[in-house]
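Single-structure report; data block below.
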Amino acid sequence: MRIAVVSDGHGGGRLREVGSSDAGEGSLWRVGHLSGAIADYEEHTGGTARWVWASTEELYSALMDHSLRVSRCHDVALVESLLLAYHGRCGEPRSLGAAWARLHGREVPPDPGQRPGEGAEPQPTLFEPDLCTVPPDVDRLTALIEVHADQQRRIAELPHPSRFALLCAVESAGALAAVEMAHAGVPWRADVHDAILTEQLGPRPTGATRPPVLADLATRISAEFGRDVNPDSPAQLVKAFAAIGHPVESTRSWALERVDHPVVPLLLRYKELARLHAANGWTWLEQWVRHGRFRPDYIVGGVVSGRWATRGGGALQIPKVVRRAVVADPDWTLISADAGQLEPRILAAVSGDTALATAAKADDLYAPLADAFGGDRDRAKVAMISAMYGQTGGDAAPLLRTMRHAYPRAMEYVDDAARAGEEGRLVRSWLGRTSPPPSAMWRRIVFGDDVAAADNGRERPDGARQARSRGRFTRNFVIQATAAEWALVFMAAVRRRLTGLDTSHGVPQMVFFQHDELVLHVPQAIADSAVEQVREAAEEARTLVFGATPVRFPLDIAVVECYADA
DNA sequence: GGAATTCGCCAC
DNA sequence: AAACGTGGCGAATTCC
């Protein structure tokens, strides 16, 4: 059962059943309290309804404030984005209004928040922006139902409609989870975080001065150089190193490590601490942690590969040192579930390479792989990563030859993807997420004649180099994007299974999602059953995505009080 | 003086 | 040991 829903912006809204087997549409309901109506219906149907709406981020966030939870949805904007990308139109406007305009041959409005383009008037600030961009003379519910029907039709026409439908379902489920996780927040002990900062940097300075430890290091660094140097400035550092007779090509840590001079350890320490202070220092703490929770703002499908991005807060780059501040509430526990060696396992599954699939039955995939590399597990790992990322330099070449010999079909799979990229073609994940096409500039550089290529840019762009670079991108895309969708299916399965758990000690929640890792915050009393559900969810994801593959996707699961111990 | 770019490090 | 994919983000620097 699918029900299209639009909000009236004042807590109420309109709903209509769509696509029921009776043919034709159900009756229209007009409700004063949308969240109440949806909650009633969820309960009445046992969570089998799928809510069709313009944008989960917009509508579900508002509904979450009334502590509503829905099981399933169809996010028109996210699905539109997937469909556009499938047909090589990645990045075109995807809002309900844009999809409706395309359907009716009208002028397509840009997505809200997107740059309106040069010369356009800045957005008036007197009114709330119309996030769905349906023209005022068009009924939004009607537009929603039309676009949804059109999307269903477009999905049905694809070569693998059920795979793509699964992708749409889990992308939408991800959107629900992202809103719920932002609502729940990661349990965060500001006092512990502050203690870490004080321990590392010294007492918090007042005003904009450097913390004591950084200030001291900066002074000693300048003393070593024999002149005033701002260690935050790469340009000043390069000059300073040249002046003391140790020229460096850059000030990256690995380049400095090769310089034998007493200033180097000071500088490396400074860089490490300065990073902590700038990225996850007291300013971050004040800005992002409230009432014991860190609430990241996820962007579902924000990365071309289908991984999530975040808006501010750097939730996907929380450094190891500050994870000590992530602590479960009293009588609660954190469950971290990490899909180990996910990408090589994905390669084994999608390529159908029987030798690699056999290796992927092991808990440590690289252990059986090592046999092909004279028992050297490290070399096997480098070889696999080189195959998936397209590394050719260093000592990758002989390793890749061995890979081609031992796992020909797997190598063929990534090599095909790389060739497609080099030729400017699109590549797709297992469920149908599609790479963006190469830019017009890329086409000019790679396919255009030399005069045109030499035309733009002071340095002559090298067509072959650009082509190889895109080949590396598409080579990796087919793996990373499929890994991302396995993780989404897994997350959607966990999310659904959590609702079946005992809530008498409190409601278990997903609180963090990072590419191939999921963190739950659950009452200690139900930790064991939660772990069991997580394991079954991974098994469910494997079957849903790949059917009867022999490849295993083992989880590293840690039940911990503190995230740093995971 | 604000916007865009560069550099460098963090995560996976 | 270092050039191999996806990103976010902050400070310095450069552009306009």
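Everything numeric here is computed off the predicted structure, so don't read it as measured data. Lettering of chains follows the sequences in order, A, B, ..., and the numbering in each one begins at 1.
Atoms CG (A:L276) and P (C:dC9) sit 17 Å apart, rounded to a whole Å. Distance CG (A:N476) to P (C:dT6): 7 Å, rounded to an integer number of Å. With rounding to whole Å, A:Y270 atom OH is found 13 Å from B:dC9 atom P. Straight-line distance from the OH atom of A:Y389 to the P atom of B:dC12: 11 Å, rounded to whole Å. Separating the CG atom of A:D297 from the P atom of C:dG8 is a distance of 13 Å, rounded to the nearest angstrom. Between A:R323 atom CZ and B:dC10 atom C1' there is a gap of 10 Å when expressed in whole angstrom units. In this entry the distance linking CD of A:Q317 with C1' of C:dG10 reads 11 Å, nearest Å. The separation between A:L399 atom CG and C:dA1 atom P is 16 Å, rounded to whole Å.
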Please test A:L369 against A:Y407 for side-chain contact (heavy atoms from CB on, under 4.5 Å), starting from the C-alpha separation and ending with a verdict. CA-CA 10 Å; A:L369 229 66; A:Y407 307 105; 3.0 Å; yes
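Not less than 6.0 angstrom separates the ring centroid of A:F546 from the ring centroid of A:W486. Taking the six-membered ring where the residue is Trp, the centroids of A:Y298 and A:F513 are separated by 6.0 Å or more.
Comparing C:dG5, C:dA11, C:dT13 against the side chain of A:Q480 picks out C:dG5 as the nearest.
In this structure, A:I318 reaches the sugar-phosphate backbone alone: every heavy-atom distance under 4.0 Å involves primed, P, OP1 or OP2 atoms, never a base.
Applying the side-chain hydrogen bond (donor to acceptor under 3.5 Å, both in side chains) test to residues at least two apart or on different chains, the pairs with a partner in residues 260-273 of chain A are A:R210-A:Y270, A:D232-A:Y270.
Checking A:Q341 against A:D364 by side-chain atom types alone, a donor-acceptor pair falls below 3.5 Å. Residues A:E412 and A:S351 have side chains that never bring a donor and an acceptor to within less than 3.5 angstrom of each other.
A:R470 places no side-chain N or O within donor-acceptor distance of the main-chain N or O of A:G424, the cut-off being under 3.5 Å.
Each of A:A279 and A:Q391 has a nearest nucleotide on DNA chain C; the 5'-most of these lies closest to A:Q391.
A:R472 contributes no side-chain N or O that forms a donor-acceptor pair with the base of C:dC4 under 3.5 Å.
Listed by residue number, A:S250, A:T251, A:R252, A:S253 are the residues of residues 248-262 of chain A with a heavy-atom contact under 4.0 Å to DNA chain B.
Listed pair A:N280 / B:dC10 fails the phosphate criterion, with no side-chain N or O lying under 4.0 Å from OP1 or OP2.
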